[in-house]
Undergrad: 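For reference, the structure I am asking about is given below.
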Amino acid sequence: MATASSRAQRPRTFADARAMASSSSELGWWVFMRISGLLLVPLAFGHLWANNMAFNAGEIDFAYVAGRLAQPGVKIFDSFLLLFAMLHGVNGLRYSIEDYVKRPGRRFAWKMVLFTVAGIVFVLGVMTLWAFSFEEMGDAVRALGAE
Amino acid sequence: MQINVKIKRFDPDADKRPYWADYTLEARPSDRVLDVMNHIKWEVDGSLAYRRSCAHGICGSDAMLINGVNRLACKVLVQDLGEKIVIEPIRGLEIKKDLIVDMEPFFDSYRAVLPYFINDDPPPPGERLQSPEDRAIFDESTKCILCAACTTSCPVFWTNGGYIGPAAIVNAHRFIFDSRDQGKLERFKVLNQASGLWRCRTAYNCTEACPRDIPITQAIEEVRREMLWRA
């Protein structure tokens, strides 16, 4: 008969074995959440400042956005914001799913939905930021300015 | 003073689900909740089931959810709760009867972290000495009485009973930070599991619930930082 201590340390089902799997990935995510959380403060407030305070938010139009996105610095800044916000947010939601969805099948399904939606949002974001070359964006802005 | 006590009761042989039992009785403001419960059991309804042993906050038997907070029934006075007292079993563990829950999953987690001194070196003549400074590092985590008030106040534990829980981490802390102990890496292996240390979301419920005032969340963070560099 299994003693209590061997019960605690020996997996009996696949789910047990999964729960007892020891890797340092969760440690890595824990560190990432702290570092990305710190980085997101200047990134998010910088974005907020650039779009709402440095410029009147009511007057933002395509020309302003296209002009901003034509600048490499803005592309890089916004790409970091997108990357860290998505990874930080998605990992936070993953934590919630793992904590609150009890059944393994449902947990897997919810995570797949999350990762799919997050993947689509991320790809769309990257496309918006990087799909057009600097020259084309510049041309678009100039064309708008000429109208 | 007259008080009203509501107790969540459940007898698996007779009830399909827990129900609330109401008791109105006389109590002194200086009575402890345990005195009130003893009065109910001895004078009103002998079928009421709960654990208690030392009745002085040391054995950790009578942790229960009193007015929404996990506490020891023997350490809370009626005067601090008022005229209405609501008592439930601690959450996240299977109810055996009334306020008695199955503590086995809790002790499984406790045993998993190897809560004993590990040192394979032959013992020196006399004692294995330690400086007062080294002893002070884990002083708080020696105070745990395994009442489960912390683990059963943890929202992660409520929904995911596989989570190793704050009590096990505190007891791992007690040995991980002991300068004479050599079992740190074995304990890290257990704590690094998917249902281990990293599931803590720093809700601080455990710290608030601890009847021994152990800074539990701080202990968890200390173990994490130690693991960060050594795991």
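Residue numbering restarts at 1 for every chain, and letters A, B, ... go by the order of the sequence lines.
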Undergrad: What do you reckon, is CZ of A:Phe122 surrounded by more than 12 foreign heavy atoms closer than 6.0 Å?
TA: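 Atom CZ in A:Phe122 is crowded, with more than 12 foreign heavy atoms closer than 6.0 Å.
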
Undergrad: Just checking A:Phe32: does its CZ atom have more than 12 heavy atoms from other residues, nucleotides or ligands closer to it than 6.0 angstrom?
TA: yes

Undergrad: Working to the nearest 0.5 Å, report the span between CD of A:Glu26 and CG of B:Asn192.
TA: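 If I round to the nearest 0.5 Å, the distance is 9.0 Å.
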
Undergrad: Given a strict heavy-atom distance threshold of 4.5 Å, which part of A:Val101 is in contact with chain B: side chain, backbone, both, or neither?
TA: neither

Undergrad: Could you tell me whether A:Met53 atom CE has more than 12 heavy atoms of other residues or ligands within 6.0 Å of it?
TA: no

Undergrad: Could you walk me through whether B:Arg199 and A:Asp99 pass the side-chain contact (heavy atoms from CB on, under 4.5 Å) check?
TA: CA-CA 8 Å; B:Arg199 285 204 95 92; A:Asp99 287 350; 3.3 Å; yes

Undergrad: Has A:Arg106 got more than 12 heavy atoms of other residues, nucleotides or ligands less than 6.0 Å from its CZ?
TA: no

Undergrad: Measure the spacing between CG of B:Leu228 and CH2 of A:Trp30 and express it to the nearest 0.5 Å.
TA: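 B:Leu228 CG to A:Trp30 CH2: 6.0 Å, rounded to 0.5 Å.
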
